[in-house]
Structures are given as C-alpha cells and as structure tokens.
Student: 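After the structure tokens below, expect a handful of questions from me.
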Amino acid sequence: MKYSKNEARQRRKPRINKKTHGLARPRLVVYRSNLHIYAQLVDDTAGATLAAASTLTLGKSREGAHCNKGGAEMVGKEIARVAKEKNIVRVVFDRNGYLYHGRIKAVADGAREGGLEF
C-alpha cells in the first residue's frame, strides 16, 4: 500500500510524539506549509506556548524571509533569540512527522547556531 506524503507523516507522528512529549524541557515544534515555516516552543506541563516565530512574522520585519532553506534558517535563529530572552537553552526538537531534511533541518541548524541545545 502506497501512502501519500501527508498520510506517511501522520503515521510517523505518533512514534515521534512518544519520544518528545511530556518531558521536563520545552518542545521546539516545527510546522511546514506551502507558503510558510512555523516554529514554537511549547511547555507540555503547563500546556502553553512559550515563544513562536515564523516566516510570516519575519516577512513583515525583515526582507527575504521566504519559505525556503534560507527563510527556515532565519526562523530557527529567531526562535533561539526569543528563547534566550526567556532563559531557555535546552529544548527537545519535535519535527512533527516531517523527515529531517531540507527546510526542517535548516530550522534545527539555525536554532543550534542561535544557541539552543538539543
């Protein structure tokens, strides 16, 4: 049986959730749409979003925040900057079922470059 991209992602997602949800550290969740990349830090114990960044918000303030690897890296750096302001250094990377490749990897690399540890 052949699955579509989204069906395959939905099948991978529970396996990733078992490893990332409910830990003492915040989760860095990444969502990828056709037009934008979104990243947010989520505290599972409180059930609250601590920080968020996306190409949508960066596009308003900076030039060149598109939904490509460069824009994804900018989102990673921005979420790391906001996290450091809130004294968050260690996080768990939740790739949300996406393969660790391309734009998802660029967000992770940008966040690491910005100072987050995972």
Side-chain angles (χ1 to χ4, degrees):
M1 177 183 259
K2 182 120 174 144
Y3 296 104
S4 71
K5 274 186 180 183
N6 197 38
E7 288 171 337
R9 181 176 84 84
Q10 294 300 330
R11 288 173 60 88
R12 277 190 300 269
K13 203 170 169 179
R15 291 194 304 262
I16 297 166
N17 286 350
K18 282 190 286 187
K19 299 171 191 171
T20 59
H21 283 63
L23 299 173
R25 291 185 262 160
R27 260 185 315 132
L28 173 58
V29 186
V30 177
Y31 176 73
R32 185 187 79 191
S33 73
N34 287 337
L35 295 178
H36 296 287
I37 297 269
Y38 303 87
Q40 59 182 354
L41 289 172
V42 177
D43 182 9
D44 286 329
T45 55
T49 300
L50 304 173
S54 70
T55 53
L56 186 64
T57 58
L58 287 176
K60 293 177 184 174
S61 61
R62 294 187 201 170
E63 197 62 37
H66 300 289
C67 188
N68 54 19
K69 284 188 197 177
E73 193 171 343
M74 276 194 239
V75 169
K77 287 178 184 175
E78 179 66 17
I79 197 77
R81 184 189 66 76
V82 174
K84 286 184 109 177
E85 286 177 2
K86 297 185 181 219
N87 295 324
I88 299 170
V89 179
R90 294 181 53 84
V91 297
V92 177
F93 188 66
D94 183 0
R95 56 191 173 94
N96 213 1
Y98 298 109
L99 296 176
Y100 188 78
H101 178 74
R103 291 178 283 170
I104 301 300
K105 185 175 185 286
V107 171
D109 291 343
R112 280 193 193 104
E113 202 174 303
L116 286 182
E117 296 175 14
F118 48 92

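Atoms considered below: every heavy atom in the structure, side chains included; atoms not considered: hydrogens, waters and symmetry mates. Counting begins at 1 with the first residue of the sequence.
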Student: Should Ile88 and Arg25 count as side-chain neighbours, where that means a heavy-atom distance under 4.5 Å?
Tutor: no
Student: So, Tyr98 side chain and Ile104 main chain: donor-acceptor pair closer than 3.5 Å or not?
Tutor: no
Student: Between Asp94 and Val29 (side chain of the first, backbone of the second, donor and acceptor by atom type, cut-off under 3.5 Å), is there such a pair?
Tutor: no
Student: Can you get from Ile79 to Leu56 by hopping between Ile, Leu, Val, Met, Phe, Trp and Tyr side chains that sit under 4.5 Å apart?
Tutor: yes
Student: Can you check whether Ala51's main-chain N or O pairs, donor with acceptor, with Lys86's side chain at less than 3.5 Å?
Tutor: no
Student: Can you name the one residue among Asn17, Asn96, Asp44 that meets side-chain hydrogen bond (donor to acceptor under 3.5 Å, both in side chains) with Arg27?
Tutor: Asp44
Student: According to a 4.5 Å side-chain heavy-atom criterion applied to Ile, Leu, Val, Met, Phe, Trp and Tyr, with indirect links allowed, do Val91 and Tyr38 form part of one hydrophobic cluster?
Tutor: yes
Student: Flag yes if Val42 and Ile16 sit in one hydrophobic cluster, no otherwise; membership is Ile, Leu, Val, Met, Phe, Trp, Tyr, and two members link when side-chain heavy atoms are under 4.5 Å apart.
Tutor: no
Student: Tell me whether Leu28 shares a hydrophobic cluster with Val82, the cluster being built from Ile, Leu, Val, Met, Phe, Trp, Tyr side chains joined at under 4.5 Å.
Tutor: no
Student: Any side-chain heavy atom of Arg12 within less than 4.5 Å of one from Leu99?
Tutor: yes
Student: State whether Glu85 and Arg81 are salt-bridged, where the test is any N-O pair (Lys NZ or Arg NE/NH1/NH2 against Asp/Glu carboxylate O) under 4.0 Å.
Tutor: yes
Student: Assess the residue pair Tyr3 and Arg11 against the criterion (side-chain hydrogen bond (donor to acceptor under 3.5 Å, both in side chains)); give the C-alpha distance rounded to whole Å, side-chain angles, the decisive distance to 0.1 Å, and a yes or no.
Tutor: CA-CA 9 Å; Tyr3 296 104; Arg11 288 173 60 88; 3.1 Å; yes
Student: Could you list the donor-acceptor pairs under 3.5 angstrom formed by side chains in residues 108-118, with sequence neighbours left out?
Tutor:
unit_1, atom_1, unit_2, atom_2, d
Asp109, OD2, Lys105, NZ, 3.3
Arg112, NH1, Tyr100, OH, 3.2
Glu113, OE2, Lys77, NZ, 3.1
Glu117, OE1, Arg90, NH1, 3.4

Student: Side chains of Thr55 and His66: does their closest heavy-atom pair fall under 4.5 Å?
Tutor: no
Student: Can you name the residues that form a side-chain hydrogen bond (donor to acceptor under 3.5 Å, both in side chains) with Arg95, not counting sequence neighbours?
Tutor: none
Student: I need the Arg103 CZ to Ile37 CD1 distance, nearest 0.5 Å.
Tutor: 4.5 Å
Student: Provide the closest heavy-atom pair for Ser54 versus Val75 in the form atom of the first, atom of the second, distance.
Tutor: C-CG2, 3.7 Å
